[in-house]
Structure formats: C-alpha cells, structure tokens
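Step one of this worksheet: look at the structure below.
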Amino acid sequence: MSAIITEKAFEYLDAPIKRVGSPFTPVGFNRILEKAILPNTDLIYKAAKELKSRVEDFIGSGAKSINVGTFHSICARILRQEIHNIGYSKNFTIYDTKDQLSLINTIIKTKNINLGSLKPKAILNKISKLKSDMIMPHEFDAKTYIPLEELTSIIYPLYMKHLAKCDALDFDDLLSLPIKLFKKHPEVLQKYQNFYKYILVDEYQDTNKSQFLFIDLLSKKHKNVCVVGDDDQSIYSWRGADVSNILDFEKTYPNSKVFKLEQNYRSTKNIITAAYSVVKNNNIRAEKKLWSDNETGDLIQILEGRDEYDEAYKISAAIQQEIRSAKRNFKDFAILYRTNAQSRVLEQVLNRNKIPNVIVGGVRFYERKEVKDIIAYLSFFANMKDDISLKRIINTPPRGIGNKTLDIIESHADENGISLFDSLSRLNEITLTSRANNVLTKFHEIIVQYSSLLSTINLEEWVRMLIDGLGYFKYLKGSDDEESKQRRANIDELLNAITDYCSTVEQPRLQDYLEEVALMTDIDSWKDKKNSVSLMTLHSAKGLEFPVVLIPGLNTGLLPLGNDDIDEKALNEERRLFYVGITRAEKKLYIAFAHERNVFGQTKSSFESQFLAELPSELVTNQTSEFSSSTNLKSGESTPYKAPAKRSSTSSTTATSSAVSKTKDPKPGMMVSHKIFGTGKIMRVLGHGPNSKLTINFRSAGTKTIIARYVKLF
DNA sequence: AAGGTAGCGGTTTTT
DNA sequence: CCGCTACCTT
C-alpha cells in the first residue's frame with residue numbers, strides 16, 4: 001500500500017475527504033495513483049518521479065514537493081533522521097522475516113525455552129500482531145492457560161531486548177516507532193506536520209492501527225487528508241489491517257466529506273456484475289451499487305483441467321487463442337493465483353508453449369540463500385552490532401567455525417552484555433582450542449580489513465573485491481552443477497543491481513542501498529517492459545489492471561485456502577481476494593480449476609471452489625470450443641503433459657454443476673461417509689478396490705481404519 | 001568438533 | 001518439492 005504525501009498537489013481538494021470504491025474511480029487521482037505508483041517502477045525514487053510528472057500533467061505545474069512511498073519506506077526515512085531522539089542508533093539495520101525467525105530461535109536456544117508443539121513462526125506471528133496493534137511487552141495481558149500466549153509473553157520482551165542490542169528494527173518497528181517518536185517529541189512531530197501539509201493515502205482499507213495513528217498525528221495540524229479505499233478489497237487483516245479505519249472515517253473526522261465512486265471505468269459490465277455477485281455473499285460489508293458505461297463484454301470463461309498441468313495448458317491455449325483472434329500482446333495478460341507455489345507449474349507449461357512470462361514476487365530475489373548471504377555480509381559491515389547477520393556469515397563459506405565454537409562465543413557475549421563481534425575482539429578472555437582461536441582470529445582480521453577498505457574505494461568495487469576475497473564463487477561451485485550455475489548468476493545479478501544503484505544515486509551509501517533492498521516491494525522490481533505475461537499472487541495484483549486476467553486454482557482448499565474448518569471471517573477475506581482478482585480484468589476474465597492437484601507431492605482429487613457457484617450462470621461459459629481440442633500448439637515433441645482431458649462433460653454452459661470425480665478408487669483427501677462414524681476424510685489408502693484399507697479421519701469419531709466397501713465416497 | 005547427508009515434516013498471503 | 005534437523009562420518 002502506498003502513501004502519497006504532497007504539498008501543492010491536493011490544494012484544490014476540500015479536505016479531509018474520504019473516497020470509497022477504489023476500483024471504480026473516475027479519471028482522477030486514484031487512477032493516476034494506480035497508474036503511476038504501481039506499475040513500471042523500479043525503485044521508490046523512480047516511482048516518486050513518475051508520480052510527480054503524472055500529477056503535473058493533471059494539475060499543471062506546482063506539484064513540486066511530492067513524496068511518494070509505502071508507509072514502511074516513508075517511516076524508515078523519518079527514522080533515519082530522527083531515531084536518535086528515542087535512543088536508537090541511526091545505523092539501525094532492518095530485519096526481514098528470516099532474520100526475525102533466526103533471532104527467535106537464538107532466544108529459544110539460549111534461554112532453554114521449551115516450545116512444545118508450537119513453531120517459532122507462530123510466536124513470531126503473534127509478536128508481529130501485537131506490535132502492529134501497538135501493544136508493548138509490558139502491556140500484553142497474556143492468557144497463561146494458552147501456550148501460545150504464555151510463551152509469547154516470555155519471548156516477546158526478550159525479542160525486543162535482543163533487537164535493541166543489535167541496533168535492529170523489524171518491519172513493525174518501522175511503523176510504530178515514528179509514533180513513539182512523535183508522542184515523545186512534539187517538536188519533531190510539528191516539523192513533519194509542516195513538511196507534509198497534504199496527505200493522501202491509497203488502499204486505506206488495508207491500514208493497521210499504527211498506520212492509522214501515523215497519518216492521524218501527521219495530519220492533526222493542517223487537517224488535509226484524503227484517503228482512498230474499498231472495504232471489499234481488504235485483504236490484509238491477517239497482518240493487522242483494520243477495515244474500521246475506513247468504515248469509521250466519517251466518525252473519526254466529523255468534518256470529512258465522502259465521495260462514493262461507484263462508476264467503474266475499468267471493466268466490462270459482465271466482469272463488474274460477476275465481481276459483485278461474488279462479493280455480495282459476504283456478510284460484513286458496506287453495500288454499494290456499482291455501475292459502468294463500458295461495453296457488456298464477453299462472457300467469463302471457465303477452464304476445466306484434469307490436473308494442474310492440464311489447467312496450465314488450458315490457460316496457455318487461451319492466451320494463444322486470444323493473441324490470434326483478438327490481436328492482443330503477451331503483456332496484456334496476467335495470471336493471478338492464491339499461493340506462490342502455483343507459479344511453478346504455470347511457468348513450466350508457459351515456457352514449453354513459448355509464451356514469454358515473468359513471475360512477480362515468488363521466492364524473492366533478495367531472499368535467495370546466496371543473495372541473502374552476501375546481503376548479510378553487507379549488513380554486517382553497515383552495523384557491526386548485528387549479531388544475526390554475523391551468525392549467518394561467520395561460517396559461510398565454511399571456515400571451521402562450528403556450532404560448539406559459536407556457542408562459546410555467544411555465551412561470552414551474553415555474560416558481558418556485548419555484541420558477538422566485540423567478543424571476537426576479546427578472544428584472550430575466552431578459553432578455546434587453539435584451532436578455534438586461529439580461525440576466529442583470521443575471521444576477525446578479514447572483517448577489520450574489509451571494513452577499513454570500504455572507506456577508501458567506491459561501493460561497487462568494494463563489493464566485488466569482498467565476494468572475490470571470500471572465495472564465494474568457489475564455495476558455490478561445491479554444490480551440483482546446474483544449481484551452482486543459477487546461484488552464480490544470481491550473485492552476478494546482485495552485483496549488477498549494486499552497479500545500477502551506484503550509477504543512479506548521487507552518493508552511493510551502503511546503508512541506503514540496504515534500506516532500499518529491505519523495503520523493495522515485488523511490484524517495484526517488476527520489469528514489465530518486456531512483452532510478457534505477468535504471473536503474481538492475488539495479493540500482489542491489488543491496484544493493478546490488465547486487459548485479460550486468468551485466475552487458476554478455483555478449488556476447495558486453494559481458493560478459499562484452508563481446510564474445511566475455515567471460519568466465516570477468513571472465508572469472507574478469501575472471497576474478497578477472489579473479488580480483487582476479478583476486478584483486475586478490463587476486457588476478459590478466465591477462471592480455471594482442476595479435478596486433481598498435486599499437494600505435498602501426492603495427487604489428490606480436488607473439488608470446485610464454492611466461489612464458482614457464486615458467479616451468475618448466465619455470465620459464464622465453459623465452451624472452450626475454439627481451442628479445447630486443439631493440439632495445434634507447438635507444444636514440442638517431448639511434452640510430458642497429457643493431452644486435454646476428453647470429458648463427455650460440460651454440455652451445460654455454467655460452472656455451477658458440481659464436479660464430482662467419478663473415479664471408483666478411494667484416494668487420500670477424499671471425503672467419505674460411514675453409517676456409524678459419519679463423515680470423514682481419507683488420510684491413507686492401502687491396496688486397491690473395494691477391499692482396500694482406508695485410514696479415515698472422522699470429524700467426530702477420530703481416526704479409524706476401515707475397509708473401503710463399508711464407506712460411501714462423496 | 002565440523003561438515004555432509006538422509007530422512008522427515010510442513011504449506012498461505014507481504015512490508 | 002524444498003528446507004531443516006539429527007545423525008553419521010571424517
């Protein structure tokens with residue numbers, strides 16, 4: 001989500017103003033915002049430039065001092081300037097999720113905490129939730145009979161202490177510390193209030209408590225705030241976003257004006273109607289009527305695949321068909337899925353069909369092991385108190401510093417209340433084997449050496465020398481050939497990115513580069529200059545639009561995601577996610593599902609998503625006549641995927657008929673019913689046919705093993 | 001005491 | 001199918 005903070009640009013608006021119905025905005029600011037901020041942007045500063053020029057086009061000159069950025073980046077910028085006021089170092093490091101987890105694991109290990117069956121990730125999620133609600137450790141009223149809460153109440157304060165010791169901030173701190181700063185130092189607040197006289201927030205429905213407070217404080221003086229959003233598109237409640245921020249805006253700011261933007265300029269009538277038919281099934285939402293002057297448009301096409309490969313194949317075929325008949329370009333298409341894992345198969349099949357494609361997000365570039373390794377080195381040089389990065393690099397590449405040695409160093413640092421690196425400079429105080437002493441001294445020397453080198457040569461050159469000096473490429477060669485090639489390529493790309501950064505910025509600084517990297521969004525790094533089909537998650541697609549959108553994976557368990565015990569609130573959010581996906585489409589919408597899916601490496605039969613049935617049958621077709629039987633795609637000789645399923649099915653034009661798999665063979669994942677035990681899910685199958693033994697997890701009776709002929713398959 | 005490997009367990013979504 | 005742990009080998 002983005003915040004626009006500008007001085008002149010919004011003067012013509014009466015403020016405060018609330019706008020609702022973000023996807024249905026007339027040609028106006030929101031549209032400019034969507035166009036300007038999200039696509040075609042490499043980095044934040046480029047986005048700001050782009051926005052500036054577009055706003056200038058719109059209101060003429062005067063759009064001078066515009067600041068554009070995500071909440072996180074704007075907050076980070078403020079903190080770099082002001083954080084010393086609340087007792088932190090300006091050299092703070094920003095920890096990503098991996099760093100956070102590693103920190104929590106360190107705590108668990110050193111404090112001998114027994115997590116039981118809980119995972120560190122669960123604790124981290126809990127802590128993050130608390131932080132986004134601005135609940136400090138001492139304010140957390142844990143219900144101690146709930147293990148998660150009790151353990152969190154133990155770990156949370158330690159986690160905070162450890163972060164502070166490392167001069168590190170997590171993503172939540174970036175949002176909450178400015179508020180602490182503003183409250184403690186009114187003079188600092190005032191400075192920024194005067195600096196940002198007009199404030200505009202896009203995607204306001206996805207703001208959390210700290211983001212609300214941030215805007216509230218900043219706008220208190222001049223009271224010029226304009227927010228845009230749509231409660232139907234709230235898809236981040238799992239990370240603390242609170243829809244009531246937008247729903248209660250009028251109450252919070254009694255002088256505000258509301259403009260309902262109910263005309264849609266983006267999509268065809270059919271797409272809008274379909275989107276509405278879906279989202280109206282949600283029980284908690286603000287009713288709005290939507291309309292459009294656009295053409296009625298084509299019907300929504302349902303694609304039915306035998307499995308996810310076939311589904312991907314049908315999607316490829318649909319794209320080829322659209323390109324042939326409607327003269328579209330590859331860049332007009334977006335494939336939007338629920339989970340990143342789905343991108344693999346799609347990418348594979350698209351490649352086989354020679355359809356150029358680009359995955360936005362996914363396993364993020366900067367989270368890949370080899371890239372993260374180098375970034376950890378850089379982070380450590382930027383902040384030597386960063387124990388987490390030190391632990392990552394100290395034996396990468398392997399230099400004979402193992403767990404035992406590290407344990408000794410850690411307890412020394414802990415006892416003396418110093419950083420790990422400080423302990424390394426005081427090895428004489430520590431009892432070590434001479435071998436350990438040697439390798440540690442050597443490591444310490446390397447760090448000192450490169451640290452002093454950093455101030456004498458330029459950043460780019462220094463990074464190259466560092467990677468060289470570490471023998472990192474040699475280290476990568478160790479693993480198997482194809483993989484190490486890829487990893488080397490990634491390091492090369494990282495080097496290119498650094499070179500790029502150095503050439504676009506006046507004064508390249510290691511820290512600034514790292515900050516940019518930490519806060520870069522998927523969309524930022526999206527290079528859509530190439531004429532390619534875009535692949536991304538539904539979450540990433542928010543705010544974007546494409547002539548043709550294809551949404552695969554409309555299966556139970558996948559969209560909506562989760563098992564059948566999904567609660568109403570979560571189901572509503574899944575539905576909103578589907579709604580967001582539908583409303584990305586301008587001209588044409590394809591929705592796909594498969595009868596079988598590979599989950600956990602096992603093929604499981606899969607049912608149609610309930611959301612399919614919510615599409616009005618008269619707007620939907622699954623006649624794929626033009627290409628369903630076609631093998632005219634150049635799919636290559638060795639394509640292992642099966643020819644399109646020959647199903648006698650689908651004489652009906654709706655997708656609402658339930659797709660019952662007619663297979664007689666029971667398979668794991670299928671639902672069954674039993675005279676005595678009721679309904680349950682097959683967990684395991686032993687043997688074949690009616691006499692096979694099924695391990696079934698019954699809803700009320702628990703797990704039983706039963707001969708297949710005694711149960712009924714759904 | 002390090003480092004390599006086999007086997008296990010576990011699934012969102014993002015800054 | 002991927003990452004992590006526990007164990008086994010050097």
Side-chain angles (χ1 to χ4, degrees), chain A residues 1-3 44 69-76 94-102 105 109 117 119-122 125 128 131-132 169-176 203 206-208 210-211 234-241 336-345 348 360-364 366-369 394-408 432-436 439 475 478-480 483 515-524 536-542 553 557-563 566 570 573-574 576-578 580-581 597-602:
Chain A
M1 103 200 46
S2 308
I44 299 294
T70 62
F71 274 95
H72 288 87
S73 72
I74 284 178
C75 287
I94 299 169
Y95 275 0
D96 68 12
T97 312
K98 280 226 173 98
D99 299 323
Q100 291 176 284
L101 268 179
S102 148
N105 281 324
K109 205 175 139 208
S117 62
K119 282 161 289 173
K121 187 119 183 249
N125 284 341
S128 177
K131 289 178 85 164
S132 64
L169 307 186
D170 63 21
F171 289 125
D172 302 307
D173 289 327
L174 292 178
L175 302 175
S176 60
E203 307 284 6
D206 280 324
T207 50
N208 64 23
S210 50
Q211 289 165 326
S234 157
I235 53 176
Y236 283 105
S237 71
W238 51 272
R239 66 174 197 202
L336 310 178
Y337 37 78
R338 178 65 241 259
T339 64
N340 282 310
Q342 290 169 260
S343 65
R344 242 194 138 73
V345 169
Q348 236 178 69
V360 183
V363 182
R364 300 256 260 303
Y366 286 99
E367 279 164 22
R368 276 168 211 180
K369 212 184 276 158
I394 197 164
N395 203 31
T396 314
R399 41 174 83 90
I401 305 170
N403 286 332
K404 278 276 147 68
T405 309
L406 192 56
D407 280 351
I408 296 169
L432 290 158
T433 63
S434 66
R435 206 178 71 168
V439 284
Y475 159 63
S479 46
D480 89 271
E483 195 183 326
E515 180 167 317
E516 205 158 79
V517 163
L519 300 177
M520 195 156 60
T521 69
D522 291 343
I523 304 299
D524 288 331
M536 68 186 88
T537 62
L538 289 160
H539 282 91
S540 299
K542 194 179 66 163
L558 191 54
L559 185 61
L561 184 70
N563 25 20
I566 180 172
E573 182 143 320
E574 293 293 313
R576 288 194 293 270
L577 204 46
F578 184 38
V580 165
R597 286 194 170 272
N598 217 308
V599 198
F600 283 149
Q602 271 206 326

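These numbers come from the heavy atoms of this one structure, side chains and all, not from hydrogens, waters or symmetry mates. Each chain gets a letter, A, B and so on, in the order the sequences are listed, and its residues count up from 1.
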query: Which sits closer to the 5' end of DNA chain B, Arg435(A) or Thr339(A), going by the nucleotide each is nearest to?
result: Arg435(A)

- prompt: More 5' along DNA chain B: Ile401(A) or Ala341(A), using each one's nearest nucleotide?
  reply: Ile401(A)

Side chain to side chain contact (heavy atoms under 4.5 Å, CB included) between Thr207(A) and Tyr236(A), intermediate numbers included: CA-CA 8 Å; Thr207(A) 50; Tyr236(A) 283 105; over 6 Å; no

Does OP1 or OP2 of [N] have a side-chain N or O of [X] closer than 4.0 Å?
X         : N       : result
Ser540(A) : dT14(B) : yes
Asn340(A) : dT14(B) : yes
Asn395(A) : dG3(B)  : yes
Thr537(A) : dT14(B) : yes
Arg239(A) : dT12(B) : no

Tell me the interatomic distance from [X], atom [atom1], to [N], atom [atom2], rounded to whole angstroms.
X         : N       : atom1 : atom2 : answer
Lys404(A) : dA2(B)  : NZ    : C1'   : 11 Å
Lys131(A) : dT15(B) : NZ    : C1'   : 13 Å
Gln342(A) : dC2(C)  : CD    : P     : 16 Å
Asp407(A) : dA2(B)  : CG    : P     : 9 Å
Phe171(A) : dT14(B) : CZ    : P     : 12 Å
Leu432(A) : dA2(B)  : CG    : P     : 10 Å
Phe71(A)  : dT14(B) : CZ    : C1'   : 15 Å
Lys98(A)  : dC4(C)  : NZ    : C1'   : 12 Å

task: Identify the heavy atoms of Gly240(A) and Ser132(A) that sit nearest to each other, and give their distance.
output: CA-OG, 4.1 Å

- request: Kindly express the pairing pattern of DNA chain B in dot-bracket notation, using | wherever a base pairs with another strand and counting only Watson-Crick or G-U pairs under 3.5 Å.
  value: |||||||||......

Are [X] and [Y] packed together at the side-chain level, in the sense that at least one heavy-atom pair is separated by less than 4.5 angstrom?
X         : Y         : result
Met536(A) : Leu336(A) : yes
His72(A)  : Ile94(A)  : no
Ser234(A) : Arg576(A) : yes

Asp407(A)/Lys109(A) under side chain to side chain contact (heavy atoms under 4.5 Å, CB included): CA gap, chis, key distance, verdict: CA-CA 10 Å; Asp407(A) 280 351; Lys109(A) 205 175 139 208; 3.1 Å; yes

query: Looking at the side chain of His72(A), which of dT15(B), dA1(B), dT12(B) is the nearest nucleotide?
result: dT15(B)

- line: Out of dT15(B), dT14(B), dA2(B), minimum distance to the side chain of Thr70(A) belongs to dT15(B)

- request: Would you check, one step at a time, whether the test side chain to side chain contact (heavy atoms under 4.5 Å, CB included) holds for His539(A) with Ile235(A)?
  value: CA-CA 7 Å; His539(A) 282 91; Ile235(A) 53 176; 3.7 Å; yes

Name the nucleic acid region contacted by [X], choosing base, sugar-phosphate or nothing; use a 4.0 angstrom heavy-atom cut-off, strictly under.
X         : value
Arg344(A) : sugar-phosphate
Thr97(A)  : base
Asp172(A) : nothing

Contact nearer the 5' end of DNA chain C, comparing Lys369(A) with Gln348(A): Gln348(A)

message: What's the gap between dT13(B) and dC4(C) when it is taken at their C1' atoms, as a whole Å value?
response: 23 Å

task: For atom CG of Asn403(A), decide whether the heavy atoms of other residues, nucleotides or ligands shown that lie under 6.0 angstrom number more than 12.
output: no

